[in-house]
Amino acid sequence: MANTTSAKKKTKVIKRKTAINRIRLGKYKSAISEIENAIKDGDKSKASKLFDKFQSQLMKVSKKGSIRRETVSRKISRTAKKLALLK
């Protein structure tokens, strides 16, 4: 347990930042699952509409530092390839 006042304050900050990061990660995961479900269903029109939202959401999360930029770029690239293969 924290003993000093500064350590107690720091634990409050950590709790708040952890909660914010969990929200961001939840948005990240839900965006991925939405577009993957659309691709799995073979609905190209729905998937292409979701792709812009998907890309925006992932870049917002990476911009805040919750997830590495390289990881997000890789996810977007792979999803774009899957989307291009749909008929």
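The structure presented is a predicted model; accordingly, all values stated were derived computationally and were not measured.
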### Task
Identify, with sequence neighbours excluded, every residue that meets side chain to side chain contact (heavy atoms under 4.5 Å, CB included) alongside Ser45.
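Partners of Ser45 by the side chain to side chain contact (heavy atoms under 4.5 Å, CB included) criterion, ordered by chain and then number, come out as Asp43.
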### Query
Other than Val72, what residues sit in its cluster of Ile, Leu, Val, Met, Phe, Trp and Tyr side chains whose heavy atoms are under 4.5 Å apart, directly or through others?
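Leu25, Tyr28, Ile32, Ile35, Ile39, Leu50, Phe51, Phe54, Leu58, Met59, Val61, Ile67, Ile76, Leu83, Leu86, which link up through side-chain heavy atoms under 4.5 Å apart, make up the rest of the cluster.
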Supply the atom-to-atom distance [X] [atom1] to [Y] [atom2], rounded to the nearest 0.5 angstrom.
| X | Y | atom1 | atom2 | answer |
| --- | --- | --- | --- | --- |
| Ser77 | Lys82 | OG | NZ | 11.0 Å |
| Ser66 | Lys60 | OG | NZ | 13.5 Å |
| Lys46 | Asp41 | NZ | CG | 6.5 Å |
| Arg24 | Gln57 | CZ | CD | 10.5 Å |
| Lys17 | Asn21 | NZ | CG | 9.0 Å |
| Lys75 | Glu36 | NZ | CD | 6.5 Å |

### Query
Would you say the side-chain atoms of Ser56 pair up with the backbone N or O of Asp52, donor to acceptor, closer than 3.5 Å?
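Side chain of Ser56 to backbone of Asp52, a donor-acceptor pair under 3.5 Å: no, none is there.
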### Task
For atom NZ of Lys44, decide whether the heavy atoms of other residues, nucleotides or ligands shown that lie under 6.0 angstrom number more than 12.
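Correct, the count exceeds 12.
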